[in-house]
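Have a look at the structure below before the remarks.
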Amino acid sequence: MKIQIKIYINGKRSILEVKEGTVLKEILTNLDSSLLDKYAGAWSEDRFVDFYETINKEGEYYLIQFDDPRALPAMWHTTSHIMAQAVKRLYNVNLAIGPSIEEGFYYDMEKDEPFTDEDLSAISREMERIIESNYEIEHSMIPKEEAKNLFSDNKFKLELVNEIEDDSVSIYKQDEFFDLCRGPHLLSTGKVKAFKLLSVSGSYWRGDEIRESLQRIYGISYPDNKTLDEYLYRYEEAKKRDHRKLGKSLDLFKIYEDTGPGLVLWHPKGTIIREIISNYWREEHIKRGYQLVTTPHIAKADLWKKTGHFEYYREKMYIFEIDGVEYVVKPMNCPNHILIYKNKIRSYRDLPIRLAELGTVYRNERSGVLHGMLRVRGFTIDDGHIFCREDQVSSEIGDSVDFAFDIIKTFGYENFVVQLSVRDPEHKEQYAGSDKEWENAEASLIKALYERGIEYIKEEGEAVFYGPKIDISMKDILGRKWQGPTIQFDFNLPRRLGLTYIGEDGKEHMIYMIHRALLGSMERFVGGLIEHYNGNFPAWLAPIHIRILTVTDEGNEFAEEIHKKLSEEGLRTELDLRNEQLSKKIRDAETEKIPYMFIIGRREVKSGTLSVRHHQEGDIGSFKLEEITSRLKEEIKQRR
RNA sequence: GCCCAUGUAGCUCAGUAGGUAGAGCACAUCCUUGGUAAGGAUGAGGUCACCGGUUCAAAUCCGGUCGUGGGCUCCA
């Protein structure tokens with residue numbers, strides 16, 4: 001049977017009559033075989049299809065080139081096969097799975113000895129050979145029974161084959177290598193122009209630690225060397241910006257072995273940053289009608305039994321005993337805020353009530369997941385809880401979204417990814433709350449995003465059981481995503497703890513409760529901020545604003561005078577009167593990423609001015625004290 | 001928690017076939033008073049993560065513990 005398909009090549013449309021069941025590759029070969037060299041695959045119905053695609057129905061196919069971000073996963077997947085082929089040629093391994101990932105690919109393999117750096121080099125060399133050989137990649141569908149024979153020596157592949165529901169399975173083959181694989185793939189191994197194997201690590205078959213322990217090699221590839229180099233530059237740059245490294249060299253914080261893993265000690269300079277953020281946070285909350293509260297670090301276990309946390313969250317809680325009574329170190333702040341809400345009978349006139357706290361909590365995270373300040377066991381959440389009526393939900397959500405963006409934009413984040421997590425429509429029964437509540441809540445979340453023209457990704461089934469939520473992540477300069485604000489409904493706690501208010505009708509009504517955190521945790525937020533700014537904090541956040549450097553000791557007296565004046569004006573200043581050369585003092589201040597350096601030598605003493613150097617701009621000229629301080633103060637005020 | 005790697009002066013790291021440790025930076029003292037990213041000399045500083053074992057002898061070999069890193073996994 002003939003069907004009609006439309007192929008778009010560089011915006012130009014070709015309408016073709018083809019036989020049903022024809023492979024896209026054949027169609028293109030007939031049309032113009034050079035297309036197979038220029039394009040990587042096609043975009044059709046919101047997904048990437050490779051040229052092995054069998055055309056079974058009418059449709060539109062937009063050919064896309066190798067460097068199109070939508071085509072890169074095919075290249076990565078192909079590179080992972082090339083790598084697996086190379087590994088099979090060199091070692092005795094059992095292949096598990098090797099998908100493309102967000103950036104790059106990996107392959108999990110079972111091998112007795114771990115891979116070394118030398119192994120990686122050898123594998124890379126073999127991969128080069130495979131690429132040079134430019135093996136044609138073939139695709140075929142084979143009966144399941146045949147596949148079982150083909151993979152009879154590989155328990156992993158067999159397990160996968162057995163789980164496939166169709167009668168036939170998809171196989172990709174290049175030279176002697178073949179693999180069970182859904183694709184997509186490129187047409188030949190030579191299409192991969194530049195690749196790099198990045199790291200080796202352990203993993204488990206199916207991510208299950210009870211099952212076979214595997215070895216994973218990660219890699220990346222691109223259609224040209226330039227793009228690969230750009231990626232590698234970003235990769236290296238990210239390593240250099242590591243907040244653990246900068247936290248140490250800038251003396252911001254440290255995790256001490258004596259204190260314990262996942263517990264951060266904020267040094268004086270880190271604490272300045274934290275305090276500035278906290279103060280800003282408090283001011284903004286008060287401005288926006290929040291009431292600040294403070295609640296203790298420990299509470300009776302009974303409280304957590306009432307909320308249900310004790311049952312579900314127990315292994316993450318630190319539990320201990322006082323006078324024979326069980327206590328818990330708080331892993332979250334909400335129960336305490338709820339107690340404050342419940343302390344009085346609330347009228348509909350009192351609502352909304354917004355409570356907020358920079359509340360420090362402790363969670364027993366598994367040792368293997370701890371990571372610098374980004375994943376810790378003790379951290380301060382900027383926790384807020386809104387208690388409101390149904391008719392207030394929409395404006396409260398809208399305000400929270402605005403608030404969230406206002407805050408994070410202040411820290412120089414400009415690109416965001418917004419995710420809306422809603423119920424799994426297939427399993428509505430596993431969620432707390434009524435249909436009506438879910439519908440209202442989702443509608444208000446969507447409305448808030450829509451009215452603000454915010455693009456978002458809707459994830460069905462990603463909501464936690466107690467309510468729908470919006471998660472905002474920030475993208476930093478290197479394009480990395482950082483978890484940011486979250487706004488979540490909670491239909492569970494109000495029910496369990498009986499959170500009500502007295503309505504206009506004199507009756508009790510269930511409250512709507514919204515959890516929201518804007519920074520997330522202070523630790524993770526500042527950790528991310530360190531990497532985002534690469535330690536070059538804008539003046540308002542910089543632990544030290546100015547370092548005063550003297551050229552010789554003739555400047556000491558004047559320098560001390562300036563230092564005193566600046567300190568009196570609330571500017572954070574340090575003096576460097578060491579008997580060192582100016583260039584040395586500059587180097588030290590530059591290394592410490594201090595935004596301003598005031599240089600005082602004989603000339604300045606004589607004229608009463610200051611020679612000013614900016615951390616990132618170099619020498620910016622001579623200024624009168626008032627001139628430069630007002631500039632700096634303005635910069636701080638503007639939070640630039 | 002699991003797999004793999006790793007743990008030497010405040011920091012970054014060297015230490016090659018087991019014979020009780022080195023460098024650079026930082027620090028201290030002295031010399032140098034030098035104008036926009038490292039002036040010079042001298043010196044102090046380490047129970048080589050911890051515990052145990054093998055050995056005449058352990059930073060080095062073996063076992064265990066703890067920490068850290070890369071992953072897996074988890075995230076009410």
Side-chain angles (χ1 to χ4, degrees), chain A residues 96 101 106 108 110-111 113-117 198-218 239 242 244-245 248-251 254-263 304 307-317 331-332 334-335 361 363-372 375 432 462-467 469 471 483 486 488 490 492-493 496 515 520 549-556 577-593 597-604 611-615 617-622:
Chain A
I101 52 176
Y106 67 79
D108 278 349
E110 192 178 41
K111 177 172 177 281
E113 295 289 308
F115 288 109
T116 62
D117 285 349
L198 298 170
S199 63
V200 193
S201 71
S203 67
Y204 296 96
W205 173 236
R206 302 249 139 145
D208 187 342
E209 66 196 45
I210 295 163
R211 307 211 49 187
E212 291 83 349
S213 178
L214 308 171
Q215 301 207 47
R216 174 174 297 181
I217 303 179
Y218 284 93
K239 269 197 222 163
D242 192 310
R244 291 165 297 187
K245 215 168 173 173
K248 197 183 267 183
S249 63
L250 300 178
D251 199 12
K254 186 173 170 184
I255 295 165
Y256 290 81
E257 203 174 324
D258 288 330
T259 312
L263 302 169
W304 302 94
T307 61
H309 289 108
F310 201 82
E311 198 183 329
Y312 286 92
Y313 208 66
R314 180 171 199 153
E315 67 288 3
K316 287 207 170 177
M317 301 200 294
M332 45 196 79
C334 19
V361 300
R363 298 180 185 173
N364 185 15
E365 301 287 354
R366 300 168 87 192
S367 61
V369 303
L370 301 176
H371 181 92
R375 198 68 188 269
E462 275 301 298
V464 275
F465 88 92
Y466 55 78
K469 60 172 180 173
D471 291 304
Q483 194 182 322
T486 175
Q488 332 192 330
D490 191 331
N492 178 48
L493 290 179
R496 285 191 84 112
H515 304 262
L549 317 177
T550 49
V551 180
T552 70
D553 51 20
E554 285 175 69
N556 287 7
L577 304 181
R578 288 176 305 167
N579 178 11
E580 291 288 352
Q581 291 189 350
L582 179 62
S583 51
K584 166 71 168 166
K585 295 184 182 187
I586 287 172
R587 184 186 150 79
D588 288 345
E590 288 286 351
T591 313
E592 291 174 49
K593 299 174 183 276
M597 284 154 263
F598 290 180
I599 293 160
I600 294 175
R602 188 178 298 162
R603 289 204 297 269
E604 287 72 25
S611 172
V612 180
R613 184 186 162 99
H614 188 95
H615 167 48
E617 294 162 43
D619 190 351
I620 57 170
S622 280

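The figures that follow rest on heavy atoms only: side chains count, while hydrogens, waters and symmetry mates do not. Naming convention: chains lettered A, B, ... in sequence-line order (proteins, then strands); numbering from 1 in each chain.
Paired with A:H615 under the rule side chain to side chain donor-acceptor pair (under 3.5 Å), one option of A:K593, A:E592, A:E590 passes, and it is A:E590.
Nucleotides B:rG7 and B:rC62 place their P atoms 13 Å apart, quoted to the nearest Å. B:rG71 and B:rU55: their C1' atoms are spaced 38 Å apart (whole Å). Here, B:rA37 and B:rA49 have their C1' atoms 36 Å apart, quoted to the whole Å. With C1' as the reference atom, B:rU65 and B:rG24 are 33 Å apart, rounded to whole Å. For the P atoms, the distance linking B:rC25 with B:rG43 amounts to 15 Å, nearest Å. Comparing the P positions of B:rG67 and B:rA28 gives a spacing of 35 Å, expressed to the nearest Å.
The side-chain heavy atoms of A:F465 and A:N492, taken from C-beta on, include a pair separated by under 4.5 Å.
Nearest nucleotide to the A:R613 side chain, out of B:rG34, B:rU36, B:rU12: B:rU36. Nearest nucleotide to the A:R602 side chain, out of B:rC27, B:rA37, B:rG35: B:rG35.
Using the Watson-Crick or G-U wobble rule with both distances under 3.5 Å, B:rG35 pairs with nothing in any strand shown.
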Check your understanding: Can you list the steps and then say if A:R578 with A:D588 is a side-chain contact (heavy atoms from CB on, under 4.5 Å)?
Key -> CA-CA 12 Å; A:R578 288 176 305 167; A:D588 288 345; 2.7 Å; yes
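Checking the phosphate oxygens (OP1, OP2) of B:rG34, no side-chain nitrogen or oxygen of A:K585 falls inside 4.0 Å. Here A:K584 reaches the OP1 or OP2 of B:rA26: one of its side-chain N or O atoms lies under 4.0 Å away.
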Review point. For every nucleotide of nucleotides 65-76 of chain B, 5' to 3': is a protein heavy atom under 4.0 Å from its base (B), only from its sugar-phosphate (S), or from neither (-)?
Key: -SSSSBBBBB-B
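A:R206 CZ to A:D108 CG: the interatomic distance, rounded to the nearest 0.5 Å, is 11.5 Å.
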